[in-house]
Q: 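Mind having a look at this structure? Questions to follow.
Quantities reported herein were computed from a predicted structural model and do not represent experimental measurements. A, B, ... follow the sequence lines: proteins, then strands. Residue 1 opens every chain. Heavy atoms only: backbone and side chains are in, while hydrogens, waters and symmetry mates are out.
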Number of protein chains: 2
Amino acid sequence: MKENTSPIYYADATPLLLAVDCIIFGFDRDSLKLLLFQRKVAPFQDEWSLIGSFVKQEESVLKAAERVLKTHTGLTNVFMEELGSYGEVERDPGARVISIAHYALMRLAEEYKQIDQTYKAQWFEFDQLPDLILDHHQMVQDALEKLRRKTRYRPIGFELLPEKFTIPQLRMLYEVIYQRPLDRRNFRKKILSMKILEKLEEKDKTSSRKGAFLYRFNPEKYQEMVKRGVDFVI
Amino acid sequence: MKENTSPIYYADATPLLLAVDCIIFGFDRDSLKLLLFQRKVAPFQDEWSLIGSFVKQEESVLKAAERVLKTHTGLTNVFMEELGSYGEVERDPGARVISIAHYALMRLAEEYKQIDQTYKAQWFEFDQLPDLILDHHQMVQDALEKLRRKTRYRPIGFELLPEKFTIPQLRMLYEVIYQRPLDRRNFRKKILSMKILEKLEEKDKTSSRKGAFLYRFNPEKYQEMVKRGVDFVI
DNA sequence: CCAAAAGTGTTATCGCTACACCCATGA
DNA sequence: TCATGGGTGTAGCGATAACACTTTTGG
């Protein structure tokens with residue numbers, strides 16, 4: 001039944017190359033990281049790049065981004081959202097290519113650190129990025145800005161933490177993203193007052209002798225909060 | 001010197017049709033409006049649609065959106081921003097087309113109301129829109145949501161008002177966008193406390209015997225406010 | 001027993017909300 | 001003179017920011 005390539009309509013329009021690129025954020029204890037790859041195709045072969053691919057005839061733009069993520073990291077079910085399009089005529093000397101950038105947030109647990117080996121990718125400290133091809137550096141800057149704005153008003157920061165995390169870990173994440181210290185006591189009060197976290201019995205003792213209680217984000221409780229008309233703000 | 005269509009690279013990628021569509025908001029005294037057109041090409045010829053066009057080989061995506069706006073309204077220098085991409089495979093039965101939607105805000109002064117005659121377009125009350133083709137209704141909904149969020153944190157509402165406006169007019173605009181009443185006195189205090197408006201000597205007497213003072217948005221003052229670290233919030 | 005991080009409570013201040021009254025003017 | 005919308009002031013409340021002390025425990 002597929003007739004979407006019918007040549008009857010739009011015959012005078014010029015087809016263009018459309019790509020997706022993914023800005024992949026990770027977080028490790030006290031630093032924000034970015035996953036980069038060495039480009040496999042010319043031009044700019046072997047230079048550092050975001051992962052990307054052309055959008056195929058038979059897949060949606062979002063599906064293309066998800067395919068790219070899966071192909072290069074082996075992961076699915078990762079938080080991902082559209083960042084925006086990059087459509088300057090001369091942005092890619094290889095051809096006229098429009099790219100729709102997406103940013104993704106992923107937990108950087110031990111198993112995922114091995115992405116390096118399997119997929120020939122590398123996690124970079126955010127403040128020690130190598131030169132990137134094309135306008136990828138701009139994409140990264142734009143993604144960071146969006147991340148800063150978005151984490152403040154939406155509960156997406158949890159995507160960067162393991163399922164179970166401590167309040168100090170969560171605070172550290174926000175401190176790294178915002179690049180400024182947050183008051184320990186006020187932060188704890190604020191996040192707990194929203195009642196969107198479940199306190200567990202376990203403690204994490206990796207960063208103190210006393211140990212800190214682990215918590216888990218509860219999406220249902222978050223939905224209840226939204227229904228009550230309460231805003232998520234940090 | 002243009003070599004961006006060199007066939008050497010990316011030979012295996014499939015080109016696709018890429019379009020831009022514009023969601024054009026207007027504001028008239030006490031109602032939000034949307035500019036729509038009757039589509040000139042098949043499929044769906046003569047049905048109501050957002051304005052749009054295919055992106056050409058030699059123009060950026062943004063330029064394409066600006067061209068569309070100019071072609072159909074005669075206007076340039078209109079506030080416009082990317083909304084996002086619409087990239088489902090089956091979204092357009094005419095062909096596989098990805099659209100990058102943009103929303104625009106324009107002053108709806110007397111001269112622009114004549115857009116109707118000149119360009120065969122029509123302003124619709126926002127709550128009385130006709131059926132729209134494809135996923136254009138979804139685009140409009142998404143644009144409205146973005147407008148609501150954005151006007152709250154960025155000084156873009158002024159784009160919908162004449163250069164000179166009264167505080168009650170400005171408040172009315174926000175009431176229409178947010179769909180809820182705002183306290184007259186608190187609104188005035190808040191907006192004036194930011195010190196981003198210039199008070200003029202003139203009064204507007206069209207809506208009251210006493211008349212209301214006219215103001216003008218001052219972008220330089222807004223920049224100063226931003227530097228002071230003060231947030232724009234309404 | 002002590003260093004180091006986790007956890008708790010209190011107070012002052014700022015901003016927002018909710019309100020009531022006066023002002024200017026054309027009809 | 002009065003109806004109508006414009007303009008101003010204030011008190012109360014809630015959220016946030018600033019800040020000091022106690023708890024736990026491995027070494």
Q: Between C/dC16 and B/Lys189, is there an OP1 or OP2 to side-chain N/O distance shorter than 4.0 Å?
A: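 Indeed not, no polar side-chain atom of B/Lys189 lies that close.
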Q: Could you measure the distance from the CG atom of B/Leu105 to the OG1 atom of B/Thr151? Nearest 0.5 Å is fine.
A: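 Going from the CG atom of B/Leu105 to the OG1 atom of B/Thr151 covers 9.0 Å.
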Q: Of A/Asp183 and A/Ser208, whose closest DNA chain C nucleotide lies nearer the 5' terminus?
A: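 Result of the comparison: A/Ser208.
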Q: Measure from CE on A/Met194 to C1' on D/dA15 and round the result to the nearest Å.
A: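 A/Met194 atom CE is separated from D/dA15 atom C1' by 12 Å.
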Q: Roughly, in whole Å, what's the span from CG in B/Leu182 to P in C/dA18?
A: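 In whole Å, C/dA18 P lies 11 Å from B/Leu182 CG.
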Q: Within this structure, what is the CG-NE2 distance for the pair A/Leu129 and A/His136, rounded to the nearest 0.5 Å?
A: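 Output value for this atom pair is 13.0 Å.
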Q: Once you round it to whole Å, what is the distance between P of D/dT23 and NZ of A/Lys203?
A: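 Checked: the NZ to P distance equals 13 Å.
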Q: Side chain of A/Asn186 only, heavy atoms from C-beta on: which candidate in D/dG7, C/dG7, D/dA18 is closest?
A: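 Closest nucleotide to the A/Asn186 side chain: D/dA18.
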Q: Of all the nucleotides listed (C/dA6, D/dT8, D/dA17), which has the minimum atom distance to the side chain of B/Arg185?
A: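 Ranking C/dA6, D/dT8, D/dA17 by closest atom to the B/Arg185 side chain puts D/dT8 first.
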Q: If you check every side-chain atom of A/Arg184, which of D/dA17, C/dA6, D/dG7 has the closest atom?
A: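 When the side chain of A/Arg184 is considered, C/dA6 is the closest of D/dA17, C/dA6, D/dG7.
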Q: Quickly work out the B/Ile234 CD1 to C/dT17 P distance and round it to whole Å.
A: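 It works out to 12 Å between those atoms.
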Q: Between D/dA18, D/dG7, C/dA6, which nucleotide has the shortest distance from any of its atoms to the side chain of B/Arg188?
A: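 Selected nucleotide (nearest to the side chain): D/dG7.
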Q: I want to verify a distance call: between D/dG7, C/dC16, D/dA18, whose nearest atom is closest to the B/Phe213 side chain?
A: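 Among the listed nucleotides, the one closest to the side chain of B/Phe213 is D/dG7.
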Q: What is the nucleic acid contact for A/Thr166, judged by heavy atoms within less than 4.0 Å: base, sugar-phosphate only, or nothing?
A: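 Here A/Thr166 touches no strand at all.
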Q: Side chain of B/Arg209 only, please: which of D/dT8, C/dG26, C/dC19 is the nearest?
A: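 Ranking D/dT8, C/dG26, C/dC19 by closest atom to the B/Arg209 side chain puts C/dG26 first.
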Q: Less than 4.0 angstrom from a charged side-chain N to a carboxylate O is my criterion; do B/Glu198 and B/Arg216 meet it?
A: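 Result for this pair is yes, salt bridge flagged.
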Q: Rounded to the Å, how far apart are B/Asp231 CG and C/dC14 P?
A: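 From B/Asp231 CG to C/dC14 P: 17 Å.
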Q: Rounding to a whole Å, what distance do you find between B/Arg171:CZ and D/dG6:C1'?
A: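 That distance rounds to 10 Å.
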Q: Between C/dA24, C/dG9, D/dT8, which nucleotide gets closest to the side-chain atoms of B/Lys210?
A: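 Minimum distance to the B/Lys210 side chain belongs to C/dA24.
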Q: Starting from P on C/dT17, measure out to CD1 on B/Ile191 and report it in whole angstrom.
A: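 So the two atoms are 14 Å apart, to the nearest Å.
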Q: Take the angle between the ring planes of A/Phe25 and A/Tyr103 and call it parallel below 30°, perpendicular above 60°, tilted in between.
A: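 Rings of A/Phe25 and A/Tyr103: perpendicular, over 60°.
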Q: Taking atom types as they are modelled, would you say the side chain of B/Lys205 forms a donor-acceptor pair with the base of D/dT4 within the 3.5 Å cutoff?
A: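 In this structure, the two groups form no donor-acceptor pair.
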Q: Hey, can you tell me if A/Tyr174 and A/Phe187 have their rings parallel, tilted or perpendicular (30° and 60° cut-offs)?
A: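 Ring orientation of A/Tyr174 relative to A/Phe187: tilted.
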Q: Atom CZ of A/Arg152 and atom P of D/dT16: how far apart are they, to the nearest Å?
A: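 So the two atoms are 11 Å apart, to the nearest Å.
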Q: Which is more 5' along DNA chain D, the nucleotide nearest A/Lys190 or the one nearest B/Gln169? Just name the residue.
A: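 Its nearest nucleotide being more 5', the pick is B/Gln169.
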